[in-house]
Amino acid sequence: MISSKIAIVEGDITQQQVDAIVNAANNSLLGGGGVDGAIHRAAGLGLWEECRRLGGCQTGDAKITRGYNLLADWVIHTVGPIWRGGNFGEDGLLASCYRRCLEIATQYEIISIAFPAISTGAYGFPPQRAAKIAVKTVKEFLENNSSVEQVILVCFTHGDYNYYVSALKEILTMDN
Ligand code: ADP
């Protein structure tokens, strides 16, 4: 059952006890506000130093580092699209972020991974639309190929939590 592999929680991603957490980074990978700032603060300077050696990351792609002082062993940094109204490939790029993170997780034999709501903060992606894309992309990935046994979708607000729960329900009923 795919649904048993996907959990939705309200909380702080830096506190998740998983093999890998995903960072919603920017193209430089050199830190920013929001979840990126929280992850760098919790992980310590070692994370920033490793990120500096990565040479940035393209929008829709992802790169992995160690987790340093985090509970998680790994951080997978992905760069979500900046919302520009919806006609600039934003949906596809957001789906690509989730897919690339899960591909890398599979390569590293990561069992459990936590995602934030990529692009829905400073990057302005509408949260309900983002929640549907997140749930659909994760579900499709887990159906096809993966060592990943547990995906935790971490919501920082109660509003986001509700969007995710509805999106998951909708997608699971579409299958029945
Ligand atoms: P982006 O630039 O991709 O929009 P942000 O960090 O601004 O990234 O926001 C992405 C999402 O992460 C938002 O939903 C925001 O509320 C959420 N967020 C911020 N801090 C945390 C945290 N510590 N844990 C989990 N989610 C967080």
Side-chain angles (χ1 to χ4, degrees), residues 6-48 51 54 56-65 67-102 104-105 110 112-138 150-168:
I6 303 176
I8 300 166
V9 305
E10 205 177 322
D12 178 349
I13 201 163
T14 64
Q15 302 305 311
Q16 300 300 312
Q17 303 224 13
V18 283
D19 298 329
I21 65 172
V22 171
N23 182 15
N26 59 34
N27 292 118
S28 75
L29 297 183
L30 294 181
V35 72
D36 194 354
I39 289 173
H40 276 277
R41 270 194 303 280
L45 206 57
L47 180 65
W48 187 81
C51 283
L54 294 177
C57 182
Q58 301 262 315
T59 303
D61 200 1
K63 291 189 177 176
I64 191 167
T65 64
Y68 299 91
N69 298 336
L70 289 162
L71 298 170
D73 289 336
W74 303 100
V75 181
I76 303 178
H77 306 262
T78 190
V79 184
I82 297 173
W83 180 256
R84 293 166 63 202
N87 294 321
F88 293 87
E90 293 95 326
D91 289 352
L93 286 167
L94 186 62
S96 168
C97 288
Y98 284 92
R99 215 177 295 115
R100 285 291 300 130
C101 288
L102 289 165
I104 291 172
I110 283 165
S112 58
I113 180 169
F115 283 91
I118 300 163
S119 282
T120 66
Y123 281 4
F125 205 107
Q128 186 172 18
R129 183 168 173 141
K132 287 184 186 175
I133 293 168
V135 167
K136 180 168 185 277
T137 309
V138 167
Q150 173 91 87
V151 174
I152 302 180
L153 300 170
V154 181
C155 308
F156 206 49
T157 68
H158 195 62
D160 279 347
Y161 177 83
N162 288 334
Y163 288 140
Y164 270 101
V165 169
S166 306
L168 187 60

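Just so you know, ligand 1 is whichever comes first in the structure, and atom 1 is the first atom listed for that ligand.
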Check against side chain to side chain contact (heavy atoms under 4.5 Å, CB included), Phe115 and Leu102: CA-CA 10 Å; Phe115 283 91; Leu102 289 165; 3.9 Å; yes
Could you give the side-chain donor-acceptor pairs of residues 155-166 under 3.5 Å, partners two or more places apart or in another chain?
from: Thr157; atom 1: OG1; to: Asp160; atom 2: N; distance (Å): 3.0
from: His158; atom 1: ND1; to: Glu10; atom 2: OE1; distance (Å): 2.7
from: Ser166; atom 1: OG; to: Asn162; atom 2: O; distance (Å): 3.0

Decide yes or no for Thr65 and His77: does some side-chain heavy atom of the first lie under 4.5 Å from some side-chain heavy atom of the second? yes
Residue pair Asn23, Thr78: steps toward the side chain to side chain contact (heavy atoms under 4.5 Å, CB included) verdict: CA-CA 6 Å; Asn23 182 15; Thr78 190; over 6 Å; no
Short side-chain donor-acceptor distance under 3.5 Å, Thr59 and Asn27: yes
Just verifying a value: how many Å separate Phe125 CZ and Ile118 CD1, rounded to the nearest 0.5 Å? 10.5 Å
Protein residues having a heavy atom less than 4.0 Å from any atom of ligand 1: Gly11, Asp12, Ile13, Ala24, Gly34, Val35, Ala38, Ala117, Ser119, Thr120, Gly121, Ala122, Tyr123, Phe156, Asp160
